Amino acid sequence: MSEPALRLEGVSRRFRTEAGELPVLTGADMRLEAGEIVALVAPSGTGKSTLLHLAGLLEKPDAGEVFVGGRAAGTLSDDARTAIRRTDIGFVYQFHHLLPEFTAEENVVLPQMADAVPRATAQARARQLLASFGLTGRENHRPGRLSGGEQQRVAIARALANAPRILLADEPTGNLDVGTSELVFTELLAAVRGQGVAALIATHNPALAARMDRVVTLRDGRVVPG
């Protein structure tokens with residue numbers, strides 16, 4: 001059996017509070033196969049964001065291991081972890097976090113140039129991605145001149161710019177109205193499936209979750225079928 005795109009093995013995470021230690025994840029296991037789109041549906045406060053941060057190597061677990069493409073991340077240097085995040089993992093958040101002083105195209109170009117992609121190649125890739133999200137003609141607009149849905153489309157294009165093997169999304173349409181959310185999510189699914197990306201998408205929307213390959217939730221600090 002080939003290695004999954006992402007594997008969490010016995011991952012635990014706890015936080016110190018004034019009342020003592022708060023366990024959030026307690027021996028969580030999960031596999032995310034290449035090309036698979038998985039919904040993460042769980043109540044607020046149960047550890048969804050923590051799980052995504054650990055999976056994306058933004059935090060280190062207190063115990064257990066995170067494997068990206070079969071490679072254990074726990075013993076890697078900070079520079080090596082950063083390199084994996086830059087090349088193998090794309091992130092989309094509820095709020096777009098675009099750089100306001102740059103255009104839509106520049107926001108998608110920048111992560112590619114950080115990975116040493118030539119500017120002309122990065123610009124062509126950015127235009128292609130933005131066009132796939134219906135943003136032709138909006139490439140030179142700064143975020144302040146884009147609607148909420150357009151801003152989130154740019155954020156998704158940015159996350160896919162370096163052709164990651166894994167996409168992690170935390171309520172990617174949670175800040176949009178119902179109609180815009182449906183449209184953006186449809187485009188997100190099409191882009192992820194078209195590129196064969198493994199995606200873990202946290203959402204509170206059961207209708208959106210039902211459109212993914214399977215659903216998982218968090219219960220007592222562990223990942224279980226939804």
Side-chain angles (χ1 to χ4, degrees), residues 5-6 32 34-37 52-53 55-58 68-69 79 81-177 179-203 208 212:
L6 174 70
L32 184 64
E36 182 182 35
I37 304 176
L52 289 169
H53 288 171
L57 310 187
L58 294 170
V68 177
D79 285 347
R81 290 167 64 88
T82 298
I84 291 174
R85 286 197 302 270
R86 188 172 62 239
T87 60
D88 287 10
I89 304 172
F91 298 90
V92 183
Y93 300 99
Q94 181 173 347
F95 299 97
H96 54 78
H97 297 301
L98 298 175
L99 297 174
E101 66 272 29
F102 293 100
T103 66
E105 182 178 303
E106 289 167 341
N107 267 277
V108 183
V109 164
L110 286 171
Q112 299 179 74
M113 294 189 66
D115 199 32
V117 175
R119 178 181 287 274
T121 303
Q123 288 174 325
R125 169 76 170 161
R127 293 189 194 107
Q128 179 266 321
L129 280 167
L130 292 171
S132 73
F133 284 102
L135 292 171
T136 299
R138 309 291 277 173
E139 302 94 339
N140 293 320
H141 287 58
R142 289 189 173 91
R145 295 183 60 198
L146 300 173
S147 69
E150 289 172 334
Q151 291 171 351
Q152 196 64 324
R153 288 185 182 97
V154 176
I156 296 168
R158 178 183 59 187
L160 295 172
N162 283 333
R165 73 170 74 202
I166 300 164
L167 180 78
L168 303 173
D170 195 356
E171 299 286 349
T173 60
N175 196 41
L176 305 175
D177 63 70
T180 305
S181 172
E182 174 70 22
L183 180 59
V184 171
F185 192 79
T186 296
E187 293 174 340
L188 169 61
L189 285 184
V192 169
R193 292 195 191 282
Q195 294 192 31
V197 179
L200 179 63
I201 303 175
T203 180
L208 297 184
M212 299 187 228

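No experiment lies behind these values; they were computed from the predicted model shown.
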Next on the checklist: With a 3.5 Å distance limit and no angle check, can you tell me whether Arg153 reaches the backbone of Val184 through a side-chain donor-acceptor pair?
Outcome noted: no
Next on the checklist: Please check: side-chain N/O of Arg81 versus main-chain N/O of Leu57, any donor-acceptor pairing under 3.5 Å?
Outcome noted: yes
Next on the checklist: Working note: Val192 + Met212, criterion side chain to side chain contact (heavy atoms under 4.5 Å, CB included); need CA distance, chi angles, decisive distance, verdict.
Outcome noted: CA-CA 11 Å; Val192 169; Met212 299 187 228; over 6 Å; no
Item to check | Intermediate values then yes/no, side chain to side chain contact (heavy atoms under 4.5 Å, CB included), Thr136 and Arg127 | outcome: CA-CA 8 Å; Thr136 299; Arg127 293 189 194 107; over 6 Å; no
Checklist entry - If you count the non-hydrogen atoms of other residues, nucleotides and ligands that lie under 6.0 Å from CZ in Arg145, is the total more than 12? => result no
Checklist entry - Are any of the side-chain heavy atoms of Gln195 and Leu160 separated by less than 4.5 Å? => result yes
Item to check | Minimum side-chain heavy-atom gap Gln152-Thr173 below 4.5 Å | outcome: no
Item to check | Whether His97 and Tyr93 hold their rings parallel, tilted or perpendicular, with breakpoints at 30° and 60° | outcome: perpendicular
Next on the checklist: Check whether Arg138 reaches the backbone of Leu146 with its side chain - one donor and one acceptor, N or O, closer than 3.5 Å.
Outcome noted: no
Item to check | Side chain to side chain, Leu6 and Glu36, heavy atoms closer than 4.5 Å | outcome: no
Next on the checklist: Are the side chains of Ile89 and Ile84 in contact, using a 4.5 Å heavy-atom criterion?
Outcome noted: yes
Checklist entry - Does some side-chain heavy atom of Arg193 sit less than 4.5 Å from a side-chain heavy atom of Ile37? => result yes
